Amino acid sequence: MVSTSPPLADALAAGPVVLDGGLSNQLEAAGHDLSDALWSARLLAEEPAAVVQAHLAYYEAGAQVAITSSYQATFEGFARRGIGAEQAAELLTRSVELAREAAGQASAGGVAGPLYVAASAGPYGAMLADGSEYRGRYGLSVAELERFHRPRLEVLAAARPDVLALETVPDAEEARALLRAVRGLGVPAYLSYSVAGDRTRAGQPLAEAFAVAAEADEVIAVGVNCCAPDDADRAVRLAAQVTGKPVVVYPNSGESWDAAARAWCGSPAFSADRVAAWAADGARLIGGCCRVGPDAITELAAGLGR
């Protein structure tokens, strides 16, 4: 099913739009084991109904945009599990279809639209499943990274999501590769860095990183995700100043990920009280990332008058 909603770029021009929260924590809360290297992408093949229900929970909580379960879905990652290219492409396409199915169920259940689907494309390091997505600097050239990203972006774009979510990008060099890879696909994109303080995870100043997308016509929003809420506070204003584009922001709960232990630690700091300030500073696509669930999205949506 193809979206009949007004373009997401038009919705962003009209005011803030609510993103969903962490898909993995919602799936885990429903009892699904995501310890596999494919993370939530494993359920695309094994339990697609669970993915629909997770998306539906966020739409019903007030999210207007659902991010697909394709963050860790790559041809290379699937191949390691014995899944060939044809089936991998089918699973990537399914990630968009499942989110559309959830949107349809939400609308049928009385959730007011428009409802959008963002097709997630995580960084190269997400495929490695070793924590390098939080470091970047993989030792690959921009051209090599472009060749990695382009095939799955082509498949995701062909499934006609409303936007391609180039998310949790740790490195401005990888951002350059992603922006090259989305050219000509006919689907808009947003670019969202994972950051630490005022720098990308790879250590580049955020102003330089945001500038990479300033002239990219395909990009309808630029910002940060999968970071501490305090870091998001600082990044939103800078992204707006540097790019002149709407800002996307969806930080983690405030807890931190221990890649070695594959567990979250620390205390939550995410609060819907922050959203008014984000919106005032230029944020137009606002939600939560890891460990931010439907209840927090309901509060966030209420804070934005949604």
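Computed over heavy atoms, backbone and side chain alike; hydrogens, waters and symmetry mates excluded. Predicted model, so just to flag it, every value in this text is computed and none were measured.
- Panel note: side chain Asp162, backbone Tyr116; no donor-acceptor pair is recorded below 3.5 Å.
- Here CZ of Arg183 is found 11.0 Å from CG of Leu185. Values are rounded to the nearest 0.5 Å.
- Across all their heavy atoms, Ala126 and Gln72 have their closest contact at O-NE2, 2.7 Å.
- For the pair Lys245 (side chain) and Ala239 (backbone), a donor-acceptor distance under 3.5 Å is absent.
- Just one residue in the list Leu164, Val163, Leu191, Leu285 forms a side chain to side chain contact (heavy atoms under 4.5 Å, CB included) with Ile220, and that residue is Val163.
- In this structure, the side chains of Pro294 and Glu60 stay at 4.5 Å or more apart for every pair of heavy atoms.
- Residue Arg291 comes nearest to Ser253 through the heavy atom pair CB-OG, 3.3 Å, listed as atom of the first residue, atom of the second, then distance.
- Counting only distance, with no hydrogens or angles, the side chain of Asp281 and the backbone of Trp278 share no donor-acceptor pair below 3.5 Å.
- When the ring pair (Phe, Tyr, Trp, His ring centres under 6.0 Å) test is applied to Tyr250, no partner is found at least two apart in sequence or on another chain.
- For the pair Leu178 and Leu153, the minimum side-chain heavy-atom distance is below 4.5 Å.
- Listed here is the closest heavy atom pair of Val51 and Ser69: CG1-OG, 3.7 Å.
- Nearest heavy-atom pair across Ala88 and Phe75 is CB-CD2, 3.7 Å.
- Every residue two or more places apart in sequence or in another chain that forms a side chain to side chain contact (heavy atoms under 4.5 Å, CB included) with Ser141 is listed here: Ala143, Glu144.
- For the pair Val17/Leu8, a side-chain contact is recorded, criterion being any heavy-atom separation below 4.5 Å from C-beta on.
- A salt bridge does not link Arg234 with Asp198: none of the charged nitrogens is closer than 4.0 Å to a carboxylate oxygen.
- Across all non-hydrogen atoms, the minimal contact from Ala279 to Leu304 is CB-CD2, 4.3 Å.
- Side chains of His55 and Glu101: no donor on one and acceptor on the other come within 3.5 Å.
- One finds no salt bridge joining Arg201 and Asp171 here, because no Lys/Arg side-chain nitrogen approaches an Asp/Glu carboxylate oxygen to under 4.0 Å.
- Between Glu173 and Arg176 there is a salt bridge, since a side-chain N of the basic residue sits under 4.0 Å from a carboxylate O of the acidic one.
- Side-chain atoms of Glu174 and Tyr138 include a donor-acceptor pair closer than 3.5 Å.
- Side-chain contact between Ile67 and Leu23 is absent, with no heavy-atom pair separated by less than 4.5 Å.
- To the nearest 0.5 angstrom, Met127 atom CE is 12.5 Å from Phe78 atom CZ.
- The main-chain N or O of Cys290 is never found under 3.5 Å from a side-chain atom of Asn25 such that the two would form a donor-acceptor pair.
- Side chain of Ser95 to backbone of Leu92: a donor-acceptor contact under 3.5 angstrom is found.
- Using modelled atom types, no side-chain atom of Ser271 and backbone atom of Arg274 make a donor-acceptor pair closer than 3.5 Å.
- In this structure, the separation between SG on Cys226 and OH on Tyr193 is 15.5 Å, given to the nearest 0.5 Å.
- Checked by atom type and distance alone, the side chain of Glu218 never pairs as donor or acceptor with a backbone atom of Pro188 at under 3.5 Å.
- Looking only at atom types and distance, the side chain of Glu167 has a donor-acceptor partner in the side chain of Ser120 under 3.5 Å away.
- Between Val248 and Asn225 the shortest side-chain heavy-atom distance does not fall below 4.5 Å.
- One finds no salt bridge joining Glu76 and Arg80 here, because no Lys/Arg side-chain nitrogen approaches an Asp/Glu carboxylate oxygen to under 4.0 Å.
- Side-chain N or O atoms of Asp231 include one that pairs as donor or acceptor with a backbone N or O of Gly197 at under 3.5 Å.
- The local environment of CZ in Arg306 is crowded, with over 12 non-hydrogen atoms from other residues, nucleotides or ligands closer than 6.0 Å.
- The shortest side-chain heavy-atom distance between Pro123 and Tyr71 falls under the 4.5 Å cut-off.
- In this structure, Thr68 and Leu98 have side chains that are not in contact, with every pair of non-hydrogen atoms separated by 4.5 Å or more.
- At distances below 3.5 Å, not a single donor-acceptor pair connects side-chain atoms of Thr200 with backbone N or O atoms of Ala172.
- Under the 3.5 Å distance criterion, the side-chain polar atoms of Arg94 are matched with a main-chain donor or acceptor of Leu44.
- Looking only at side-chain heavy atoms (C-beta outward), Tyr190 and Val222 stay at 4.5 Å or farther from each other.
- Here the closest heavy-atom approach between residue Pro151 and residue Arg147 is recorded as CD-O, 3.1 Å.
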